[in-house]
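Naming: A, B, ... by sequence-line order, numbering from 1 per chain.
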2 protein chains.
Amino acid sequence: MPRDTGGMARTVELLWGVSTPRGTRGPRQGLSVAAVTRAALAIADAEGLGAVSMQRVAKELGYTTMSLYNYVPSKDQLIELMIDAATPPPPIPEDGESWRDEVERWVRATWGLYHAHRWVLKVPTVNPPLGPNQMAWFEALLHALHRGGLEGAELMAIAQHILTSTRGQAAISIDLATGEDGTAAEANEALRRLATPDRFPTLHGLIPAAGAGGFHPGAEIYEGLALGVRLLLDGMEGYVRRGAG
Amino acid sequence: MPRDTGGMARTVELLWGVSTPRGTRGPRQGLSVAAVTRAALAIADAEGLGAVSMQRVAKELGYTTMSLYNYVPSKDQLIELMIDAATPPPPIPEDGESWRDEVERWVRATWGLYHAHRWVLKVPTVNPPLGPNQMAWFEALLHALHRGGLEGAELMAIAQHILTSTRGQAAISIDLATGEDGTAAEANEALRRLATPDRFPTLHGLIPAAGAGGFHPGAEIYEGLALGVRLLLDGMEGYVRRGAG
DNA sequence: ATCCGCTAGCGTATCTGATACAGAGTTTTA
DNA sequence: TAAAACTCTGTATCAGATACGCTAGCGGAT
């Protein structure tokens with residue numbers, strides 16, 4: 001029987017810790033899914049996703065590469081586990097906090113989360129996030145927006161909107177912060193040279209205005225994100241008031 | 001002299017076709033950057049990014065793997081070229097079109113673009129998009145929003161917001177459409193099972209309401225995106241009217 | 001008590017893909 | 001017409017994922 005190399009069912013099982021009941025025989029297990037995941041996570045946090053190889057993780061744990069496959073069916077699955085493991089429980093709304101503040105707190109926390117684990121957004125997405133922690137965060141966002149008066153498909157839509165723009169802007173911020181020193185400056189330089197006023201009038205006009213050159217450093221991007229969210233919530237309030245949703 | 005393996009400068013050079021003047025000596029070139037890029041692009045469109053390897057591209061062209069390196073300094077650079085090559089010129093706004101319609105047309109076109117080249121959003125971003133076509137699209141979006149009354153950092157922020165949420169939602173839609181047949185259904189099934197009303201009350205409430213189970217198929221996601229953009233623009237109008245920006 | 005069968009961890013092998021390097025043939029310029 | 005500058009080829013290297021078969025530890029049925 002070939003090793004079950006994955007599939008959604010297996011992934012979900014692993015993520016939710018539903019241990020397929022295994023016989024108690026054989027040598028005691030020296031490792032565990034959690035231990036493997038933790039080790040991989042530590043490597044990624046310290047040296048980036050590229051440093052995570054099965055060999056490296058095994059070395060870190062003092063085991064052979066192949067023994068990891070006793071716990072994790074493939075590297076891809078391991079990465080899914082890492083992502084969920086990197087995700088702490090979502091922030092708890094404070095008493096009396098407005099729903100808008102709740103949303104903004106969520107955005108800030110998400111921003112922080114991605115910056116704390118700069119590799120997370122490099123993982124090319126394949127599946128919807130079905131890990132327990134991922135789901136908890138999404139639930140938290142839905143909760144806040146629901147308080148704001150949204151329901152059903154609209155609720156889902158706006159939540160996705162906020163989620164994806166937060167992810168996207170965080171990814172940009174991280175790319176700029178992570179690149180070799182000077183990459184950002186080099187990019188700005190290139191931008192300045194290429195965004196000529198004839199072909200790119202609007203963009204060209206922004207370059208001096210934006211200080212670092214149109215692709216801003218971290219804090220400014222966050223401010224931009226926050227503004228976008230605020231305006232979206234403004235629009236949403238109007239929408240709800242008008243009686244839809 | 002080692003082959004220049006890249007760096008922003010080289011990338012930009014390639015993207016903008018600034019041919020570093022090469023001597024006219026030696027055998028006539030059988031290939032060109034464009035030809036290599038085109039071949040790679042065709043493979044990616046037909047079989048996904050995973051099918052693009054240097055060997056495969058070379059085979060397609062009837063050359064050796066290594067000969068490609070005469071034209072393209074590395075695979076990563078080739079991928080950047082592919083992305084820009086996959087990007088047609090942005091849509092041209094119609095006469096008399098409102099700025100809001102201009103934005104919405106932009107969003108729709110972007111959506112279509114990503115769906116036409118389903119591999120583009122799988123590329124883990126490293127650099128800001130400096131290719132000429134990428135820049136042209138961004139300029140188009142800036143132009144529309146500028147007409148709406150935004151300036152400077154606010155303009156940049158809202159443009160990024162729209163860009164990232166469009167990318168993000170398109171990515172979700174593509175993942176669902178691309179997975180093995182049944183993956184989406186399986187995910188919904190899992191979601192239904194895992195999103196228990198006690199721990200995930202809001203999410204749980206959405207599952208039946210959302211038809212396919214909370215993670216909607218293509219058209220519905222597009223509707224959601226469009227709604228989000230509309231509300232954001234609503235908020236933006238208020239903001240502009242209030243005199244900021 | 002004991003032995004059987006399950007299983008963890010090991011060593012090694014295979015396969016795929018990127019990229020280095022050296023050599024041979026081609027074309028232009030001094 | 002030789003030297004120089006290139007292009008393309010063939011082969012080698014290196015990394016990383018994962019298959020496979022072996023050995024030995026351990027719990028449970030005899």
Between B:Ser53 and B:Pro27, whichever has its closest DNA chain C nucleotide further toward 5' is B:Ser53
Rounded to the Å, how far apart are B:Asn70 CG and C:dT19 C1'? 13 Å
Among C:dA18, D:dT18, C:dT7, the nucleotide that comes nearest once only the side chain of A:Ser74 is considered: D:dT18
Taken to the nearest whole Å, OH/B:Tyr63 to P/D:dT9 is 7 Å
Under a 4.5 Å cut-off applied to non-hydrogen side-chain atoms, are A:Met82 and A:Val123 in contact? no
Can you tell me if the side-chain N/O atoms of A:Arg28 get under 4.0 Å from OP1 or OP2 in D:dG27? yes
Looking only at side chains, do A:Ser74 and A:Asp76 share a donor and an acceptor under 3.5 Å apart? no
When the distance from CD of A:Gln29 to P of D:dG25 is rounded to whole Å, what number comes out? 17 Å
Examine C:dG9: is either OP1 or OP2 under 4.0 Å from a nitrogen or oxygen in the side chain of A:Tyr69? Give yes or no. no
Does B:Gln55 reach a base, just sugar-phosphate, or nothing at all? Heavy atoms under 4.0 Å. base
Under 3.5 Å, is there a donor on one side chain and an acceptor on the other for A:His115 and A:Ser173? yes
Ignoring hydrogens and angles, state whether a donor on the side chain of A:Thr202 or B:Glu139 is under 3.5 Å from an acceptor on the partner side chain. yes
Without decimals, in angstroms, what is the distance between A:Ile79 CD1 and D:dG16 P? 13 Å
Go through the steps to decide whether A:Asp175 and A:Lys122 satisfy the test salt bridge (Lys or Arg N to Asp or Glu O under 4.0 Å), and finish with yes or no. CA-CA 9 Å; A:Asp175 283 347; A:Lys122 306 268 183 214; 2.4 Å; yes
CG of A:Leu68 versus P of D:dA19: gap in Å, rounded? 13 Å
Measure the distance from CE on A:Met66 to P on D:dA17 and round it to the nearest whole Å. 11 Å
B:Thr24 vs B:Thr64, nearer the 5' end of DNA chain D by closest nucleotide: B:Thr24
How long is the line joining CZ of B:Arg25 and C1' of C:dT28, in whole Å? 6 Å
Taking only the side-chain nitrogens and oxygens of B:Ser67, find out if one of them lies under 4.0 Å from OP1 or OP2 of D:dT9. yes
Over how many whole Å does the gap from A:Met54 atom CE to D:dA19 atom P extend? 10 Å
